[in-house]
Amino acid sequence: VIHTDPADNAIVNTLRPEVNIYFDELLDPATISAQNIQVISSGTGRIIPGVAQATGNRVRWIPSEDLIVGNFYTVQISGIADLQGIRMTDVFRWTFSVQSGSSNQGSILHSSSADFQDGTLNNTIITDEANGSIVLKPALWDNFNDSQLSSQWSIIKWQSNGSVQLGDGVANINGSALFSAQSWGPGRLLEARVMFTGRPNQHLGVAIDLTSRYWATFSVGADNLLYARTRNGRQSIETPIRGNWFQQFHIFRIVWLTSGVRYYIDDQLVVSHSISPTRSLRVAVSDSATDNDFLAIDWLRLGPYASSGTYTSKVLDAGASVRWGQVEWVSNQPVNTSLTVYVRTGDTPQPDASWSPFVLVRNSGDSVHLQGRYMQYQLVLGSSDGLQTASLDAIRLTYSAPQVNSLYHTSIQDFRQGISSNVIITNQSGGEIQLLGRLYDDFSATTLESQWAYQSWASIGGGPATLQL
């Protein structure tokens, strides 16, 4: 586990908080269940019902009922496995609490492709990796989210009934091949999230046409094993890759250099070859047979990546002028890459001269102490190695609304500080304001007002008389 949201000992101000757990490996979604992710009320020991799902390296849990204000909750995870089948050996726990729903604390979270969609891209792209990430712009990319293939691809049908079908953000290749319209030479990085089924003659890599003798590919052989295959015309190396790589999505990466080719699966180097095809080659994704075991591809990128780029978010609205505080994010920064976060605030819906300048946030979790209703963040990405890019997977911006203080007037002393016109202040209920009548007195003065006259009955033969005010 590399990051949790909420963090340990955090206070949340919503009754149905979303819990996110980030890992340093891609996860096997089949190992996510109610048994290995539990949110437990610390007071009663009751397990809170909720829904959990895994995408890439993130587990997301959403409660099915409101949590209780003032309670502490412990998140407990165990037994989750990565795509290699390696399970957690220890139980991981942390605690958060729920505060009043009327709290003046709030936050804005961007963690999906939909969240990032309305921002401004400059030499950057939004990829479907990790449910949505910002990365530097590569030479070729496709998330396969449209209903039709773009012009950067051409299709070759190996079988008359072959097809490439797009749906749910995936391209299913059956009896056909996808080839990039453009060719490139070595000095490239190809990476893609692909599901091989284990049927022979499924390929992912770079090639002229998969029949000419120049290629660097992941391929399923006639023996139903996955191979790393490199051929430079005269020489050929084919290395079997032990393990279970079929019927699940994995991230496959090919680093194609003039000196050789390196093959990675899920960030792990699995094969290195000392020969390299030095011709101009196309990206190739192929499945030669027409059956139900089609090759599926979720997304694909081909480097080199741009040396620098920016992403500027849409303007975020807190609903009122607030004090912006902590900014935290989840990112991946390989060697020779950089990712820097800036923020600015203002009180107009569109940034203008009244807004603050962009302010550097040095570390995830730092507070920015800026005032304004609106916030905008900017990412600056860089790479001195065209084969690598930093990525931002999620960012949260927290704020505090001004504390609301109340001033009550409830007594005759409170009301007497004001100026009255055609109203009176009475002693009723400890102090009330009423319309002025013809006669009124609460007898709070030390002498009678002029509206009164009094007669001493002693002057006409009565007993001793007093009038006390």
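- Interatomic distance, Tyr399 OH to Ser107 OG, rounded to the nearest 0.5 Å: 7.0 Å.
- You'll find the side chain of Thr340 reaches within 4.5 Å of the side chain of Leu360, heavy atoms only.
- Taking both residues in full, the closest heavy atoms of Ala228 and His273 are given as O-CE1, 3.2 Å, listed atom of the first, atom of the second, then distance.
- Of the candidates Ile265, Asp267, Thr55, Ile251, Leu26 forms a side chain to side chain contact (heavy atoms under 4.5 Å, CB included) with just one, namely Ile251.
- Using a 4.5 Å heavy-atom cutoff, the side chains of Arg199 and Phe246 are not in contact.
- Between Val322 and Ala318 the shortest heavy-atom distance is CG2-CB, 3.7 Å.
- Remark: Gln350 pairs with no residue by the side chain to side chain contact (heavy atoms under 4.5 Å, CB included) rule, at least two apart or across chains.
- Note that CG of Leu387 and CD of Glu191 are 10.0 Å apart. Values are rounded to the nearest 0.5 Å.
- When side chains are defined from C-beta on, Ser111 does not count as touching Phe116, because their heavy atoms never get closer than 4.5 Å.
- Side-chain contact of Ser400 with Arg323: a donor-acceptor pair under 3.5 Å is absent, judged by distance alone.
- Aromatic rings from Tyr342 and Tyr377 are positioned such that their centres are separated by 6.0 Å or more.
- Around CZ of Arg16, the count of heavy atoms belonging to other residues, nucleotides or ligands within 6.0 Å exceeds 12.
- Taking the side chain as every heavy atom from C-beta outward, Val220 and Leu225 never approach each other to under 4.5 Å.
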Side chain to side chain contact (heavy atoms under 4.5 Å, CB included) evaluation trace for Tyr311 with Val380: CA-CA 7 Å; Tyr311 169 84; Val380 179; over 6 Å; no
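- Taking the ring axis of Trp299 as reference, the NZ or CZ atom of Arg301 stays within 45° of it and closer than 6.0 Å to the ring centre.
- Taking CZ of Arg213 as the start and CZ of Arg234 as the end, the distance is 10.5 Å to the nearest 0.5 Å.
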Identify every side-chain donor-acceptor pair in residues 361-369 under 3.5 Å, counting partners at least two apart or on other chains, and give the distances.
unit_1 : atom_1 : unit_2 : atom_2 : d
Ser364 : OG     : Trp329 : N      : 2.9
Ser364 : OG     : Trp329 : O      : 3.3
Asp366 : OD2    : Asn363 : N      : 3.1

Pair Ile40-Arg46, side chain to side chain contact (heavy atoms under 4.5 Å, CB included): steps then yes or no: CA-CA 6 Å; Ile40 304 166; Arg46 178 173 172 266; over 6 Å; no
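- In terms of the side chain to side chain contact (heavy atoms under 4.5 Å, CB included) criterion, residue partners of Gln248 (sequence neighbours excluded) are, by chain and number, Asp28, Leu83, His250.
- Ion pairing between Arg58 and Asp393 fails under the 4.0 Å rule for side-chain N and carboxylate O.
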Side chain to side chain contact (heavy atoms under 4.5 Å, CB included) assessment of Leu269 paired with Tyr264: CA-CA 4 Å; Leu269 178 64; Tyr264 296 80; 3.6 Å; yes
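- The CZ atom of Phe23 lies 10.0 Å from the CG atom of Asp82; values are rounded to the nearest 0.5 Å.
- No close placement of the Phe252 and Tyr263 rings is indicated, their centers lying 6.0 Å or farther apart.
- For the pair Arg396 and Glu18, the salt-bridge criterion is not met [side-chain N within less than 4.0 Å of a carboxylate O].
- Salt-bridge check for Asp128 with Arg193: failed, with every basic side-chain N at 4.0 Å or more from each acidic carboxylate O.
- Annotation: side chain of Thr230 is in contact with side chain of Val261 (closest heavy-atom distance under 4.5 Å).
- Within the 4.5 Å cutoff, the side chain of Gln371 has heavy atoms near those of the Ser321 side chain.
- Residue-environment remark: CG (Asp168) stays at or below the threshold of 12 foreign heavy atoms within 6.0 Å.
- At distances below 3.5 Å, at least one donor-acceptor pair connects side-chain atoms of Thr389 with backbone N or O atoms of Leu136.
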Check against side chain to side chain contact (heavy atoms under 4.5 Å, CB included), Asp8 and Thr95: CA-CA 5 Å; Asp8 189 24; Thr95 301; 4.3 Å; yes
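- The closest side-chain heavy-atom distance from Thr310 to Leu379 is not below 4.5 Å.
- Ser154 has its side chain within reach of Arg282: a pair of non-hydrogen atoms, C-beta onward, lies under 4.5 Å apart.
- In terms of heavy atoms, Ser276 sits closest to Leu257 at OG-O, 2.5 Å.
- If you take CZ on Phe196 and CG on Leu295, they are separated by 5.5 Å, rounding to the nearest 0.5 Å.
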